[in-house]
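Worksheet: the structure to be examined is printed underneath.
Just so you know, residue 1 is the first one in the sequence shown, and it goes up from there.
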Amino acid sequence: MSSSITRRLPIAADVQPGGGTHFRVWAPRPKQVALVIHDAPGDREVPLEREADGYYSAYVADATAGTRYRYRLDGQLFADPASRHQPEGPFGPSEVVDAGTYTWRHASPRRTPLGAQVIYEMHIGTFTAEGTWAAAMERLPGLAEIGITTLEVMPVSEFPGRFGWGYDGVFPFAPTRLYGSPDDFRAFIDAAHELGLWVILDVVYNHLGPHGCVFAQYGSEHFSKDYP
C-alpha cells in the first residue's frame, strides 16, 4: 500500500483527501478477486493487490463519490459487503460515499442523565406515510414537545424488497436507499440535535437477512460454527 494512502476504515471504499478512492476488501474464500468499476457506457476491471490474511486493495485515481462498483469473485459479481450505499438495492452495485462532505450544523445535545431519558423507538419506514428520513424529520418537533429525549432508530441497513422490519438487513454499513441518501440520514440527525434530541441506532449484528446477503461469498469466517 502506498504511503500516500490515508485510510479511515480498515475495509470499504475510502475517498482520499488528495483525490481518488482506495478500495479494500476482506475476501479469504474466493481464489480470484478483482474490482469492477461501472463506468458509462461499459465496465472496467481493476486488478487488486493481494495483502496478508485475505485482504485485497487497489487505488483508483479517477474514482470519486458516486462511482459505482462491485467485486468479481471467481467470475461472479457481488456488491461490497462493507458498502456504504446501495442505490439500486442489494443486488445492484455499491456506490462510493464521501462521509466528510456533509456540513454538520449542530453539535450533540447536552448529556441527559440516564434516569431522565425518555426513549422513542422509531421505524423510519412506518413512522410516516412517505417512509423517508425527510418526512420523519418534519415530525421531530412534536416528539421534542412531548418530552422525548432520545430517538432509538430501528435497524436501517439495506434489505431486499419494498418494506423491511429491521432485522432482515443484508448490508450493515449501508442505510437503505428506500429511506433516502446517506446525507438524508445525516440531515435527520442534525435536525434532531437542533431540537435537543439524541439519536442512537438499534443494531443487530447477529441478524442477516437470508436474501441478498453476500458475506458467505467473501468468507465463511464471517459466521460462527458454534451454533447450527
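Counting only heavy atoms from C-beta outward, the side chains of I124 and M154 never approach each other to under 4.5 Å. Under the 4.5 Å side-chain criterion, counting only non-hydrogen atoms from C-beta, V33 is not in contact with Y218. Looking only at side-chain heavy atoms (C-beta outward), F23 and V46 stay at 4.5 Å or farther from each other. Using a 4.5 Å heavy-atom threshold, the side chains of Q217 and Y71 count as separate. Looking only at side-chain heavy atoms (C-beta outward), Y69 and T21 stay at 4.5 Å or farther from each other. Side-chain contact between S94 and F173 is absent, with no heavy-atom pair separated by less than 4.5 Å.
When the shell of 6.0 Å around CD of E45 is examined, it contains more than 12 heavy atoms from other residues, nucleotides or ligands. The 12-atom threshold is not exceeded at CZ of R110, counting heavy atoms of other residues, nucleotides or ligands nearer than 6.0 Å. Residue D53 places its CG atom among 12 or fewer non-hydrogen atoms of other residues, nucleotides or ligands, all under 6.0 Å distant. Atom NZ of K31 has 12 or fewer heavy atoms from other residues, nucleotides or ligands within 6.0 Å.
A donor and an acceptor atom, one from each side chain of H38 and D43, are located under 3.5 Å apart.
Just one of H22, R8, R84 meets the side chain to side chain donor-acceptor pair (under 3.5 Å) condition when paired with D14; it is R8. Partner of R177 under the side chain to side chain donor-acceptor pair (under 3.5 Å) criterion, out of E158, E88, Q86: E158 alone.
A search for ring-ring contact (aromatic ring centres under 6.0 Å, His included) contacts involving Y167 returns W165, H207, not counting sequence neighbours. Partners of F188 by ring-ring contact (aromatic ring centres under 6.0 Å, His included), not counting sequence neighbours, listed by chain and number: W133.
Shortest non-hydrogen contact noted between F171 and S83 is CD2-CB, 4.1 Å.
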